Amino acid sequence: MLKKSLLRRHTVLLAILLGAFTLVLTNSAFNLLLPYFIEHYHISTTVGGWIIALYMLAMTLTMPLASLIVDRLGRKRTYMLGIAIYGGFSVLGALFHTSIEVLLVVRFMHGAAAGLMIPLSLVLLFDVYGPGVRGRITGAWGLLLMLAPAAGPTLGGVIIQYGRLEMLFWLNVPLAVFSFIGCARVIQTYIPARRKKWHVSSMLRLVMAIGAFSLGVQVYASPGISLWIPWSVIALGLLLLIRFVHVENRREEPLIRYKLLRRQGIYPLTVVISTIQDCVMFGVIFAVPLLLQEVFQLSPALSGALFIPLSICTSLFMWIGGNLLDRGRSLRFIAWGTLLVSLSILTFAFLPMGPPIWIIGVLMACRGIGVGLSGMSITSLGLQALPEEDMHEGSVLSTTIERLASSFAVMGMTLYYDMRWQSLAGNGRAVDLAKWGALQEICIGLGCAILLTLPLVLLITRKKVGILVQNGNQTQVQGGTAGR
């Protein structure tokens, strides 16, 4: 019979995972359905890219505020607030899904909910589970959470092909309700610290900076607009962002503790690696559905099914990576995973126009193995390099940087894709070959970007920085034992 303390910990894991599961389920389904939205709402690829980008932008805007909201409400209530927002706007999306404007608003609010939930989910689990098992808990968290990307694209493809879009929204509601009730009952209530102060000027600078970046990219894609206008808007956004960071760094309790990046050790390195990997991940999310459906002419249902080997392999090897991390041995498996991700993406660029389905499945599985070994291991390693009291701040900082970079990477890729394939078509290529050429270039760029992180991963490995577990206690090691 399970001890009460162990049963409670596993119940907390289930409650948190249920909320995160519904979040990832819908997001992964929407990412696959980009070609459907372009056709259904009669919009361009650039506008359709906002269905993905708005989600990430909202996350980026919300995450800096998450630490402030946690300071006022506590971790538990903040996480539950995110679940409530997600469930409520899923109902709105189900009722008014025929309007592209409502769809964009719902995606924005889903991203806002994710901005509250994602940084807290792993930290809440770290509160419950001790240091000696955190690698395995990270693996279990990733293992179960990856079931959603496996089910999401398949479910989204089947719903669009055989059902109706609103069903995708309605599916979120019972999962959100069960997660909300579970979190209310089993997660410990934390007393808010109430140390941070609201600084409206700083929040406005951040919102205006991200808004200027977004507007600049969108205006750049508009015909008849002089190039100096979008570049001026982007420059304004950059100045506002620099000012935001400069002012916040002088505060005793800033919205985001950028000073954590100045720490010596592996945390800043893991932030750089994770940011590039995140940009590539969302870039692949943008490119692969277009490749499968617009170039290879596969149905939405079959395209979704091809994501199953990706998710299964990601889940399995995320668990394996967590166990390897807990053992405190060599971190070289992260480098092998990084290399495998790069090679699998690059191979997509050199496939023939009508490749066998099993080859696509193998490439998806290889990318899943690589992501499973490298992605969450890097994140967990970086968080565990921080003191306990800084873990939440570190999670918010790294995830904010990752999502901000990813959102603009996706906007840049949608803009490049639209302009590049139209340019190739204007030079005499057939439309499908023009789109294939543009996607080939994007895949090559994404694969090479992952390769850029390999020297940093090898640097961590050569420094033999790791986690050593002795007698149930986990300590950081630099040099010697951890790398043997």
Side-chain angles (χ1 to χ4, degrees), residues 22-56 58 89-111 148-172 221 281-308 310-311 348 354 357 360 364 407 410-411 413-418 421-422 431-432 434-436 438-439 442-443:
T22 182
L23 195 73
V24 178
L25 180 74
T26 304
N27 191 44
S28 59
F30 267 90
N31 293 335
L32 175 82
L33 298 178
L34 179 58
Y36 165 80
F37 291 131
I38 293 171
E39 180 181 354
H40 181 72
Y41 292 108
H42 306 291
I43 55 178
S44 67
T45 307
T46 303
V47 175
W50 281 90
I51 297 173
I52 299 175
L54 272 177
Y55 181 90
M56 292 184 289
F89 276 89
S90 292
V91 173
L92 182 66
L95 295 175
F96 303 101
H97 65 280
T98 55
S99 168
I100 182 62
E101 291 80 10
V102 172
L103 179 66
L104 292 173
V105 169
V106 170
R107 291 297 290 156
F108 184 87
M109 294 308 299
H110 280 180
T154 306
L155 183 64
V158 170
I159 285 177
I160 290 303
Q161 194 163 346
Y162 302 108
R164 295 178 299 181
L165 178 61
E166 62 265 32
M167 294 169 60
L168 192 59
F169 288 107
W170 285 123
L171 284 173
N172 294 327
M281 179 185 72
F282 280 100
V284 172
I285 285 172
F286 161 77
V288 169
L290 291 172
L291 179 65
L292 297 180
Q293 296 176 53
E294 294 198 354
V295 177
F296 297 158
Q297 299 297 312
L298 302 181
S299 68
L302 180 56
S303 299
L306 286 171
F307 281 81
I308 293 177
L310 166 69
S311 300
F348 268 109
I357 298 298
I360 300 175
M364 290 290 217
S407 59
V410 169
M411 283 189 285
M413 272 182 279
T414 58
L415 176 62
Y416 177 84
Y417 173 71
D418 261 350
W421 80 258
Q422 290 174 17
V431 172
D432 56 342
K435 291 181 176 180
W436 178 216
L439 290 170
I442 290 175
C443 288

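Just so we're clear, the structure is a prediction, and the values are computed from it rather than from any experiment. Reckoned from all heavy atoms, side chains included, excluding hydrogens, waters and symmetry mates.
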Between Trp421 and Asp432, is a side-chain contact (heavy atoms from CB on, under 4.5 Å) present by the stated rule, with each step listed? CA-CA 9 Å; Trp421 80 258; Asp432 56 342; over 6 Å; no
Of all heavy-atom pairs linking Ser90 and Phe169, the shortest is O-CB, 3.3 Å
Val288 vs Met364, side-chain contact (heavy atoms from CB on, under 4.5 Å): CA-CA, chis, key distance, verdict: CA-CA 10 Å; Val288 169; Met364 290 290 217; 3.7 Å; yes
Atom of Val284, atom of Pro289 and distance for their closest heavy-atom approach: O-CD, 3.9 Å
Nearest heavy atoms of Ser99 and Tyr41, plus distance in Å: C-CE2, 4.2 Å
Between CE of Met167 and CG of Asn172, what distance do you get to the nearest 0.5 Å? 12.5 Å
Hey, what do you get for CG (Leu291) to NZ (Lys435), rounding to the nearest 0.5 Å? 12.0 Å
What residues form a salt bridge (charged side-chain N to carboxylate O under 4.0 Å, His left out) with Glu39, not counting sequence neighbours? none
Residues two or more places apart in sequence or in another chain: which of them pass side-chain contact (heavy atoms from CB on, under 4.5 Å) with Thr98? none
In this structure, CZ of Phe282 is separated from CE of Met413 (nearest 0.5 Å) by 10.5 Å
Check Leu439 against Leu290 and note the closest heavy-atom contact, atom names and distance. CD1-C, 4.0 Å
Taking the side chain as C-beta and beyond, is there a heavy-atom pair between Leu298 and Ile357 under 4.5 Å? yes
Give, for atom CG of Leu292 and atom CD of Glu294, the distance between the pair rounded to the nearest 0.5 Å. 11.0 Å
Sub-4.5 Å side-chain heavy-atom contact between Thr414 and Tyr417: no
Kindly compute the distance separating CZ (Phe37) from CG (Leu104), expressed to the nearest 0.5 Å. 10.0 Å
Where Ile442 and Tyr416 come nearest, the two heavy atoms and their spacing: CG1-CD2, 4.0 Å
If every non-hydrogen atom of Trp436 is compared with every non-hydrogen atom of Phe296, which pair is closest and at what distance? CH2-CZ, 4.3 Å
Is any side-chain heavy atom of Val91 less than 4.5 Å from a side-chain heavy atom of Trp170? yes
